[in-house]
Participant: 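Before I ask anything, here is the structure I am working with.
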Amino acid sequence: MTAAAQRPATLEDVARIAGVSRSTASRVIAGSGFASPAAREQVAAAVDQLGYVPNPAARALVRGGGLRLVVTVVGTSAAVLDDPYMHQVVGSAARVCTPAGVGVALHWLPLGDTRGLHQLGEDRTVCGVILVNTTEDLLAAVPESLRGRVVSIGFGSATVPSFDVDNAAGSEAVLHHLYAAGRRRIAMVTGPRWLPCAQRPVQTYRRLMRQAGLPERVLPGDFTAARGRAAAGVALRHWPDVDAIYAINDDSALGVIAGLRDAGVQVPGDVAVAGFDDIPLAGMTAPALTTASHPVGRIAVAAASALLDGRPAARVTLFPSTLVARSSA
């Protein structure tokens, strides 16, 4: 048995059997560029004889379709890559991309540094980009080379479609729940101030507090349990009468519960606590965490599907969030 028969046939094998150059064989197989009718027949016959299967990577590069969908997350440090939220986005995107023969990569883009976008735009192996933790400056810096190949999870623009949870409505449901339970001195732990999508719950909180004639008590957060724990201590020092704390993500809310426990405060007896996201741990803590749903998987699937379809519509698509009432509030 010859060496050629012992391994998968290559483009060079096809060209040799067909009696044409490698470039001609490549053009015929890719269906691009000029080749004579005779050359096309010879290449087709060689492909059949050898059972040649084009390398998907080479084929994608020739056609300009790309091999990878890149999930690009903005953050102040590379630690953002370790966020379980990002793992869920990548995993959900992979469920869509794998059957299409497209890989999924995770890429960190430092906050304020948009050079990586231009590099992705020039990379012929990239079929599309999903931006996460998107900022207004980042959207303004999207190069022409990525137009039509980029979507956002979170903040969007007239040219970059966005997919996100309706965290304003979800936050409103949580705050109404706290109010209905008799809580009137409600503090809030926010997300990063630089993140536009994290400001919607803050705006909702301020609006509802004003409407109810209640004091606004806003504490800065960064989506981490450590900051939530620290925020609980600040809330108790500044507002000893606080009777509820709403954190706009579950990690922060779990940190709040830990901080209250450190101070000997009972949850929910003394202070009710609620979060947002309904992460798996939320239902397993003691007390179980009241929160609002966040369909991360559905959002990521929709974003990836829009890119693979090749026609992402320039619009905002919001996915509903509903109250998940448990024993912490």
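We number each residue from 1, following the sequence as shown. What you are looking at is a predicted structure, and each value in this text was computed from that prediction instead of being measured.
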Participant: Run the salt-bridge test on D123 and R68 with the 4.0 Å N-O cut-off and return the result as yes or no.
Facilitator: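 R68 and D123: salt-bridged.
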
Participant: Which residues pass the side chain to side chain contact (heavy atoms under 4.5 Å, CB included) test with P295, not counting sequence neighbours?
Facilitator: V165, R298, I299, F319

Participant: Run the salt bridge (charged side-chain N to carboxylate O under 4.0 Å, His left out) test against D137 and tell me which residues pass, sequence neighbours left out.
Facilitator: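 Result, salt bridge (charged side-chain N to carboxylate O under 4.0 Å, His left out) vs D137: none returned.
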
Participant: For the pair Y246 and L175, evaluate side chain to side chain contact (heavy atoms under 4.5 Å, CB included) and give the outcome as yes or no after the intermediate values.
Facilitator: CA-CA 8 Å; Y246 169 49; L175 291 165; 4.0 Å; yes

Participant: Determine yes or no for a side-chain-to-main-chain donor-acceptor pair under 3.5 angstrom, with S327 supplying the side chain and A288 the backbone.
Facilitator: yes

Participant: Any side-chain heavy atom of Y85 within less than 4.5 Å of one from V132?
Facilitator: yes

Participant: Using only atom types and a distance under 3.5 Å, with no angle test, would you say the side chain of T24 pairs donor to acceptor with the backbone of V20?
Facilitator: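 Checked: no pair found.
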
Participant: Does anything in residues 260-271 pair up under salt bridge (Lys or Arg N to Asp or Glu O under 4.0 Å), and if so which pairs, sequence neighbours excluded?
Facilitator: R229-D262

Participant: Yes or no on side chain to side chain contact (heavy atoms under 4.5 Å, CB included) for I245 and M188, after CA distance, side-chain angles and deciding distance?
Facilitator: CA-CA 6 Å; I245 300 177; M188 178 185 219; over 6 Å; no

Participant: Hey, any chance V89 and L281 share a hydrophobic cluster, counting ILVMFWY side chains that come within less than 4.5 Å of each other, even indirectly?
Facilitator: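 V89 and L281: separate clusters.
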
Participant: Under the salt bridge (Lys or Arg N to Asp or Glu O under 4.0 Å) definition, can you give me all pairs with a residue in residues 90-114, not counting sequence neighbours?
Facilitator: D113-R115

Participant: Under the salt bridge (Lys or Arg N to Asp or Glu O under 4.0 Å) definition, can you give me all pairs with a residue in residues 79-89, not counting sequence neighbours?
Facilitator: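 Not a single pair qualifies under salt bridge (Lys or Arg N to Asp or Glu O under 4.0 Å).
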
Participant: For R184, look at atom CZ and say whether over 12 heavy atoms of other residues, nucleotides or ligands are found less than 6.0 Å away.
Facilitator: yes

Participant: Indicate if L131 and V301 have the same hydrophobic cluster label, given that clusters are the connected sets of ILVMFWY residues with side-chain heavy-atom separations under 4.5 angstrom.
Facilitator: yes

Participant: Salt bridge (Lys or Arg N to Asp or Glu O under 4.0 Å) between D243 and R185: does it pass, once the steps are laid out?
Facilitator: CA-CA 5 Å; D243 61 6; R185 298 173 296 278; 3.6 Å; yes

Participant: Name all pairs fulfilling the salt bridge (Lys or Arg N to Asp or Glu O under 4.0 Å) condition that reach into residues 206-221, sequence neighbours left out, sorted by first residue then second.
Facilitator: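 Residue pairs passing salt bridge (Lys or Arg N to Asp or Glu O under 4.0 Å), neighbours aside: E172-R207, R206-E216, R210-E216, R217-D241.
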
Participant: Thinking salt bridges, do D222 and R227 make one under a 4.0 Å N-O criterion?
Facilitator: yes

Participant: If you measure only the distance, is there a donor-acceptor pair under 3.5 Å linking the side chains of S152 and T134?
Facilitator: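 The answer is yes; a qualifying pair exists.
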
